[in-house]
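As a basis for the values below, the full set of heavy atoms in this structure was taken, side chains included, without hydrogen atoms, waters or symmetry mates. Sequence positions, counted from 1, serve as the residue numbers for this chain.
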Amino acid sequence: MNADDAAESRITAGWSHHGNAWIRAVREHRIPNRDTITDQALVDAILERRPGRLLDLGCGEGWLARRLAPHG
């Protein structure tokens, strides 16, 4: 296994180990600054541009796509 493969394996293992906790934290609003500042700021910035289409390729559990879906 080369260094890149080893790094990818560690990242995958880390997400597998911590992913469910992260999903719960986001969906249960356990990160206060996300609710009060960052999430809405990101949504506002995107909607200001009035995109015709949007592709969410973020690293997460899909909150942004769900938040933007009602806007088309």
Side-chain angles (χ1 to χ4, degrees):
M1 177 181 296
N2 67 35
D4 289 340
D5 291 338
E8 186 173 333
S9 291
R10 285 192 305 275
I11 291 167
T12 301
W15 177 251
S16 294
H17 181 73
H18 298 288
N20 288 332
W22 174 254
I23 290 168
R24 280 192 308 278
V26 170
R27 291 184 180 180
E28 294 173 7
H29 305 280
R30 294 182 187 176
I31 308 168
N33 68 320
R34 286 191 59 146
D35 283 340
T36 60
I37 301 169
T38 56
D39 287 3
Q40 191 60 49
L42 181 57
V43 169
D44 291 345
I46 291 169
L47 292 177
E48 274 181 21
R49 296 184 154 268
R50 299 175 191 220
R53 294 182 194 182
L54 184 73
L55 177 61
D56 178 8
L57 293 175
C59 297
E61 52 67 72
W63 75 268
L64 182 58
R66 287 192 306 278
R67 180 82 69 87
L68 292 173
H71 300 280

query: Would you call Asn33 and Ile31 a side-chain contact if the rule is heavy atoms closer than 4.5 Å?
result: yes

field: Rounded distance [0.5 Å steps], CG in Leu54 versus CZ in Arg49
entry: 11.5 Å

- request: Enter the distance from Arg10:CZ to Asp5:CG here, rounded to the nearest 0.5 Å.
  value: 10.5 Å

message: With rounding to the nearest 0.5 angstrom, report the CZ to CD distance, Arg66 to Glu61.
response: 4.5 Å

query: Given side chains that start at C-beta, do those of Val43 and Trp63 come closer than 4.5 Å, heavy atoms only?
result: yes

query: Could you walk me through whether Asp4 and Glu8 pass the side-chain contact (heavy atoms from CB on, under 4.5 Å) check?
result: CA-CA 6 Å; Asp4 289 340; Glu8 186 173 333; over 6 Å; no

message: When you group the ILVMFWY residues by side-chain heavy-atom contacts below 4.5 Å and let the links chain together, are Leu42 and Leu47 in the same group?
response: yes

side-chain contact (heavy atoms from CB on, under 4.5 Å) between Ile46 and Leu64, intermediate numbers included: CA-CA 10 Å; Ile46 291 169; Leu64 182 58; 4.0 Å; yes

field: Candidate list His17, Arg24, His18, test side chain to side chain contact (heavy atoms under 4.5 Å, CB included), partner Asn20, passing option
entry: Arg24

field: Nearest atoms (heavy-atom pairs only) where Arg67 meets Gln40
entry: NH1-OE1, 3.2 Å

